[in-house]
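Shown next, in structure tokens, is the structure this report addresses.
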Amino acid sequence: MNVQRLADLQGIIDVMPTPVFVKNRAHRIILLNESACELFGHSREVMLSSSDYDLFPAEQAEVFHAADDRVFSLDTFDEVEEQVTNAVHCVRTVITRKKKVEIGGEELLVAVVTDVTAYREAEARSRYLALHDVLTGLPNRMLLNERIDQELLRASRRESQAALIYIDLDRFKEVNDSMGHQAGDELIRQFAERLTAIVRASDTVARLGGDEFAILLHDAGDGVQSDEICNRVLAAARRPFMIEQGQAHVGASLGIAHLGSGMADRAELHRRADVALYQAKREGRGCFRIFSDELDARIQARRALETDLRCALAAGDQLKIDYQPLLSARDDRVMALEALVRWDHPRLGRLTPADFLDVAEESGLIVPLGEWVLERACATMAKWPDVSLAVNISPGQLSSDALVERVLKILDRTGFDPTRLQLEVTEHAILDMEGAVETLKELRATGIKLVLDDFGTGYSSLSHLQKIEIDKVKIDRSFVAEMSLLGGSSAIVQAVATLGSSLGISVTAEGVETEEQRAFLRALGCEELQGYLLSRPMNENETGTYMERSTAASQAA
């Protein structure tokens, strides 16, 4: 080629910021600009007259030569993204555009190169962040879903043994609250490492958010393997976590859903794992449960009951209150009426608290339900000013905000005397909840009486009597039912009655169903009795009639 022409072309490409080079049919570089020298890391002197095999690894040079031959033979425009290794062995990602030209009767190949390494790295980083949890580096829900979709695709061609495990840390909030969020983050990181060490490389460990994780087992076999993995996860969660602030202790609850035949919905697999996890939490945590159709039916029924309860609270016409008297053991005088909520369900019939209170607790509906019972009962009890009202306070109410303020507002609206109100709380509620003792002390300071219900079934009954000033204890019906003159329950009842007398605390025995029980409880010193022998729970009208008869009998005596 004419030297002047080459000089003219060189002048043109030298002002271009993009790497440009020109090759001849022998695959030799005859022209290139400074940008190309910078990209490839070689001087102009080294690159001129060099072939790809002189400059790049053999596997790359072979690809480059094939592309050149294709452009020369087909006289076509070629554009390809490829990897190029420069003089310092740094791999760059580039887009190379090649075109055959004819200059001075000679066929040449002009190549323009765009370095897109930074763009691709940014894209890769962006995709990584989009698919991974920042704190742990684990796959997030989006990447987990992609891999679930892959399992579903495989399952459509052959039987899949995949399983999805949901994991929720127990008591993690306590670590955050007591040690701070930095400690909580470190615990999450350590737990993520433990999970990764448990599973195989083909499995996926994901963090769904907060203290929630998931494991997708690629091949769960006949279920034995998933059980083993769950037991190892439970053990890993129970081991102490060493953090800067000291040791932290948590646990875990797990739910398993196997990829069943014919399942084509990722959302359904997630739902099943969530249902199984929900059951594990309901059954005390620190365990795993496996999804089944029977379990699903029970959970769906509970959720339907929750929906119905919300509607019942909003409408206000299905919920009723029955009243059961507490009688003086000495003269059968009515000392108090206990308010017991009932639900006239349009489909299931009359439901007692045992049928729906746990649903109310779990859903948070126990707070508005408890307030409805208290207000309705206080308004009703205005008819019988000489009788106290006993109302149960659930753990959910006791842990809710501003309980004392809300109770006092109800008493103010209804004009009910606080000294006539007896709030019954179980030992377990005091034992399991922080702040419960202080809340109860605030309530008692207003004149409200405190009753320890189901006494004797907790873990440290005597310590509870020391923590707060209790006005009354109710001996659990299980002791009364098993009581006999020679039985161990009799000794327990007698001990409680003696303890109450020595501490100045009234003692009530509930579940009294026989004359023998009543006589024996009287002899032991129980001051109040409650049970079917004395009166079953009655609706408001029946209670009015009962109270009229009771008042008349007292006046006649």
Side-chain angles (χ1 to χ4, degrees), residues 312-313 316-329 331-344 350 352-353 357 360 366-394 397-398 403-426 440 442-453 470-474 506 508 510 512 527-532 534-555:
L313 280 169
D317 58 348
Q318 298 176 18
L319 297 172
K320 313 292 182 183
I321 297 179
D322 283 355
Y323 298 87
Q324 187 175 28
L326 285 77
L327 303 185
S328 167
D331 57 12
D332 290 338
R333 182 165 49 92
V334 179
M335 305 300 294
L337 293 172
E338 182 176 3
L340 303 168
V341 65
R342 301 289 187 261
W343 181 8
D344 289 332
R350 169 151 286 211
T352 65
L357 278 192
I366 193 66
V367 174
L369 176 62
E371 291 183 5
W372 181 89
V373 170
L374 179 60
E375 184 149 6
R376 180 68 176 269
C378 285
T380 300
M381 288 290 292
K383 305 172 185 178
W384 309 298
D386 298 327
V387 179
S388 295
L389 168 65
V391 178
N392 289 280
I393 293 292
S394 74
Q397 291 174 271
L398 201 54
L403 173 65
V404 177
E405 180 182 351
R406 291 199 301 273
V407 169
L408 293 180
K409 284 183 178 180
I410 290 173
L411 295 178
D412 184 60
R413 285 196 299 268
T414 58
F416 196 80
D417 184 355
T419 61
R420 292 178 57 202
L421 180 60
Q422 301 177 5
L423 295 181
E424 299 186 2
V425 60
T426 65
L440 292 173
E442 290 183 43
L443 288 168
R444 193 173 188 275
T446 68
I448 295 172
K449 305 295 190 297
L450 298 182
V451 180
L452 198 56
D453 198 8
I470 295 294
D471 297 285
K472 182 196 295 186
V473 295
K474 294 183 75 174
S506 176
T508 297
E510 57 182 357
V512 181
E527 298 177 35
E528 293 179 355
L529 304 178
Q530 182 183 20
Y532 280 10
L534 310 173
S535 174
R536 290 178 174 272
M538 301 170 288
N539 63 34
E540 187 173 325
N541 291 333
E542 293 170 336
T543 303
T545 301
Y546 177 89
M547 292 300 298
E548 289 175 2
R549 292 174 180 173
S550 177
T551 302
S554 297
Q555 292 174 348

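Among V407, V373, D417, T414, the one residue that satisfies the side chain to side chain contact (heavy atoms under 4.5 Å, CB included) test with C378 is T414. When each of L389, V391, L326, V451 is paired with E338, the side chain to side chain contact (heavy atoms under 4.5 Å, CB included) condition holds for L326 and for no other. Here the options are E527, K474, Q422, the test is side chain to side chain contact (heavy atoms under 4.5 Å, CB included), and the partner is T508; only K474 passes.
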K449/T419 under side chain to side chain contact (heavy atoms under 4.5 Å, CB included): CA gap, chis, key distance, verdict: CA-CA 7 Å; K449 305 295 190 297; T419 61; 4.0 Å; yes

Pair D453-E510, side chain to side chain contact (heavy atoms under 4.5 Å, CB included): steps then yes or no: CA-CA 10 Å; D453 198 8; E510 57 182 357; 3.5 Å; yes

Intermediate values then yes/no, side chain to side chain contact (heavy atoms under 4.5 Å, CB included), K383 and E540: CA-CA 11 Å; K383 305 172 185 178; E540 187 173 325; 2.8 Å; yes

Take L529 and L534 through the test side chain to side chain contact (heavy atoms under 4.5 Å, CB included) and record every step on the way to the result. CA-CA 8 Å; L529 304 178; L534 310 173; 3.5 Å; yes

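The side-chain contact (heavy atoms from CB on, under 4.5 Å) search around D332 returns R518, R522, not counting sequence neighbours. The side-chain contact (heavy atoms from CB on, under 4.5 Å) test applied to T543 returns Y323, L337, W384, M538, M547, not counting sequence neighbours. Under the salt bridge (Lys or Arg N to Asp or Glu O under 4.0 Å) criterion, D331 pairs with R333, sequence neighbours left out. Applying the side-chain hydrogen bond (donor to acceptor under 3.5 Å, both in side chains) criterion to E548, with sequence neighbours excluded, gives no partner residue. Applying the side-chain hydrogen bond (donor to acceptor under 3.5 Å, both in side chains) criterion to D344, with sequence neighbours excluded, gives R350. With sequence neighbours left out, R420 forms a salt bridge (Lys or Arg N to Asp or Glu O under 4.0 Å) with no residue at all. With sequence neighbours left out, R444 forms a salt bridge (Lys or Arg N to Asp or Glu O under 4.0 Å) with E469, D471. Here T446 pairs with nothing under the side-chain hydrogen bond (donor to acceptor under 3.5 Å, both in side chains) rule; sequence neighbours left out. Shown here are the side-chain hydrogen bond (donor to acceptor under 3.5 Å, both in side chains) partners of R376, two or more places apart in sequence or in another chain: there are none. Every residue two or more places apart in sequence or in another chain that forms a ring pair (Phe, Tyr, Trp, His ring centres under 6.0 Å) with W343 is listed here: H345, F356. Here E371 pairs with V367, R406, I410 under the side-chain contact (heavy atoms from CB on, under 4.5 Å) rule; sequence neighbours left out. Partners of E442 under the salt bridge (Lys or Arg N to Asp or Glu O under 4.0 Å) rule, at least two apart in sequence or in another chain, do not exist in this structure.
N539 approaches D322 most closely through the heavy-atom pair CA-OD1, 3.3 Å. Smallest separation of non-hydrogen atoms from V334 and P325: CG1-CB, 4.4 Å. Nearest heavy atoms, A377 versus I321: N-CD1, 3.9 Å. The two residues M381 and S388 come nearest to each other via the heavy atoms CE-O, 3.4 Å.
For the pair L450/V425, no side-chain contact is recorded, criterion being any heavy-atom separation below 4.5 Å from C-beta on. L443 is not listed as a side-chain neighbour of I393, based on a closest heavy-atom distance of 4.5 Å or more. The shortest distance between side-chain heavy atoms of P537 and Y532 falls below 4.5 Å. No side-chain heavy atom of V341 sits less than 4.5 Å from a side-chain heavy atom of K320.
In summary, K472 and E528 engage in a salt bridge, as defined by a charged side-chain N under 4.0 Å from a carboxylate O.
Within the model, atoms CG of L440 and CD1 of I448 stand 10.0 Å from one another, a figure rounded to the nearest 0.5 Å.
The backbone N or O of W372 sits nowhere less than 3.5 Å from a side-chain atom of E375 that would complete a donor-acceptor pair. Side-chain N or O atoms of Q324 include one that pairs as donor or acceptor with a backbone N or O of S535 at under 3.5 Å.
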